[in-house]
Each structure stands twice: as C-alpha cells, then as structure tokens.
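Here is the structure we will look at.
Position 1 is the first residue of the sequence; numbering continues from there. Small disclaimer: the values here were computed from a predicted structure and weren't measured.
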Amino acid sequence: MRCGGVAIWTRIAVGHCMDLRNNLVDFNPLPDWHRDHRPDRRHPHRRRYTRGYRAKRQLAQTCWVCGGLLVLHYPTLSVLLVIGLASTFLSFMLLDETD
C-alpha cells in the first residue's frame, strides 16, 4: 500500500524509530545533580564541581605529567621513587578537603 508516494511500512518504521530516538534522548539514569554540574549544598562531593577545585585538580595533573617526564628523562629507580612520592604528596596537599 502506498500513501502519498511513501510506503506505509516505511512511514511506520520511521515513526517508530523517531519515537525510540526521542525516548532514548529523554532517558538518563544519572541523578539530577550529575547533569547540571552546579554545586549542591546537600551533595557530599559538591567541592568537585567548584571552579577552585577544578583548578587545583588541573595543577595536580600538571605536577604528575611533569614528574612523569622527569622520570622518563632520568630512568632510575631512585628518581622514580622520589618523584612518585613527591607528586603523591603534592597531589594530596593540593586536593585536601580542609581549607
């Protein structure tokens, strides 16, 4: 059967796919606080979404990358241990929850 130049089964299939696509777009199993990325007073990890924490995390990541490059430049166990422990300490110090 044809309806307006398009087979009916094609219109049904396209309509079904569009409904399925709309339902998948609306489906989000994550909680609301995970979608909007605004700090919520009641959320235990609200500090992770603040601008200051993200800047500190970027600084800690830069510290780890520089440490990794130093270890690649001086590939000895002693340098690996010193740089690894120093980077770990600096990361904990930067990302600590206390002010």
| Which heavy atom in L95 sits nearest to a heavy atom in A60, and how many Å separate them? | CD1-CB, 4.3 Å

| Taking a hydrophobic cluster as the set of Ile, Leu, Val, Met, Phe, Trp and Tyr residues connected by side-chain heavy atoms closer than 4.5 Å, whether directly or through intermediates, do V71 and Y74 fall within one such cluster? | yes

| note | d(Q61 CD, R54 CZ) to nearest 0.5 Å is 13.5 Å

| query | CG/D96 to NZ/K56 distance, rounded to the nearest 0.5 angstrom? | reply | 8.0 Å

Could you tabulate the donor-acceptor pairs under 3.5 Å formed by side-chain atoms of residues 77-92, not counting sequence neighbours?
{"residue": "S87", "atom": "OG", "partner": "I83", "partner atom": "O", "Å": "2.9"}
{"residue": "T88", "atom": "OG1", "partner": "G84", "partner atom": "O", "Å": "2.8"}
{"residue": "S91", "atom": "OG", "partner": "W64", "partner atom": "NE1", "Å": "2.6"}
{"residue": "S91", "atom": "OG", "partner": "S87", "partner atom": "O", "Å": "2.9"}

